[in-house]
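Let me begin by presenting the structure, written as structure tokens, before commenting on it.
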Amino acid sequence: MGPNTYYNPVTAIIQRGPKKDVAERPKPYHLHVYTTHNNCRVVFTYPSGRLVKNGWWTSGSCGFKGANKSSYEAGYQCAVRAFKRIEEEITSPTLKDGGVSPVTLALKFKGFGWGREAVQKAFMTSEGDNIRSSVVVVEDRTPIKIGGTRAKKARRL
Amino acid sequence: MSWLRRITSAALSSTARGIFSQRPNLPARMLSDVRHPPALLDRTKSQDRMWSRAIQDTIDRTAETTQKKNPPTPDELWAERSRSATFNPPADPYTGRRVFVNGDLGEAFRRLQTRLRRNRVMQEVSRQRRHEKKGVKRRRLSSERWRRMFANEVRKKVQLVSTIRRRGAY
């Protein structure tokens, strides 16, 4: 087996198929959903990370102003517009700019605003019927400090 | 527990008679076949079976290999290792919060939420948004520890009561 490896009898008898799946899987497009307590932003990018043309939507760009930008409805609107653009991309993938033919999606959530749940709900409704099957991986990317810089002092209301 | 009684009776009878009787014929049983109160049983039947199969496989594998074959060549070693090694891609800071969708997207969302809830990510994020002074932090930790200890004690008492009830209070 080798000088520095330990033999695990349980894992050794597990039958594993040859490594084919990893090579075959196409790289997914990314849908970044960034929600804060003041705003919501949805961004659609190519697998490389490059922004897709007309591929970003924020609460403000959907017509909401001020306090409404953080509402559930704003998040829902952003999601709906994003789905339309993604459907366009699925039907006619722009392979020139780094797209791949079977369009798969990777959802990346950042932050815990109201828009986050709105986007998730939008996927499960009829708006996201065409998109739902192409989602491959769901991820949470909220930044978490380990130690790190000192935050502002607590608000005394 | 009848087999235990049989051993003790056999032992007692042999010592009383002064003869060293034969080894009592114990039925070959796995730990999981005997009825124990739930706390003692920490391996399931399938795990027992898997271990016995693995041990048998080891015995078979090493039965005739001790001094017969030459040590395996580097090529053989390499082939052996590649066959059994399937590595995942290298981990990044978000590997733990990544959920792969198999079929149901709603289920994937729920799995992610469960994972975040179990690791208290939302609380961590909201706590990190504003600085928590040392006294405030000390008080919070002390309160959390007390509540955890209390909940554990209550849980142990409730489990004790339910085991007594299950076995029959009298």
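We name chains A, B, ... by the order of the sequence lines, and we start the count at 1 in each one.
The candidate with the highest count of non-hydrogen atom pairs below 4.5 Å against chain A, out of B:R53, B:M122, B:E132, is B:M122. The greatest number of non-hydrogen atom pairs below 4.5 Å with chain A, out of B:L116, B:V121, B:D104, B:V101, is found for B:V101.
Of the atoms belonging to B:V99, heavy atoms from both backbone and side chain fall under 4.5 Å from chain A. Looking at B:I55, there are no atoms closer than 4.5 Å to chain A (heavy atoms on both sides), in backbone or side chain. Residue contact with chain A, scored on non-hydrogen atoms closer than 4.5 Å, involves the backbone and the side chain of B:Q128 alike. Looking at B:R129, the atoms closer than 4.5 Å to chain A (heavy atoms on both sides) sit in the backbone and in the side chain alike. For B:Q113, the part lying near chain A is the side chain, with the backbone staying farther off; criterion is any non-hydrogen pair under 4.5 Å. Within the 4.5 angstrom heavy-atom criterion, only backbone atoms of A:K153 (N, CA, C, O) approach chain B. Only the side chain of B:F109 comes within less than 4.5 Å of a heavy atom of chain A; its backbone N, CA, C and O stay farther away.
With hydrogens and angles left out, the side-chain atoms of A:N39 and A:S59 include a donor and acceptor closer than 3.5 Å. In this model, a donor atom of one side chain and an acceptor atom of the other lie less than 3.5 Å apart for B:S143 and B:R147. Using modelled atom types, one finds a donor on one side chain and an acceptor on the other under 3.5 Å when comparing A:Y29 with A:E89.
One finds a salt bridge joining B:E107 and B:R111 here, because a Lys/Arg side-chain nitrogen approaches an Asp/Glu carboxylate oxygen to under 4.0 Å. A:K84 and A:E87 are not joined by a salt bridge, as no carboxylate oxygen comes within less than 4.0 angstrom of a charged side-chain nitrogen.
If you run side chain to side chain donor-acceptor pair (under 3.5 Å) between A:R116 and each of A:T36, A:D140, A:T142, only A:D140 comes through.
Relative to the ring axis of A:F123, A:R132 does not place its NZ or CZ within 45° and under 6.0 Å from the centre.
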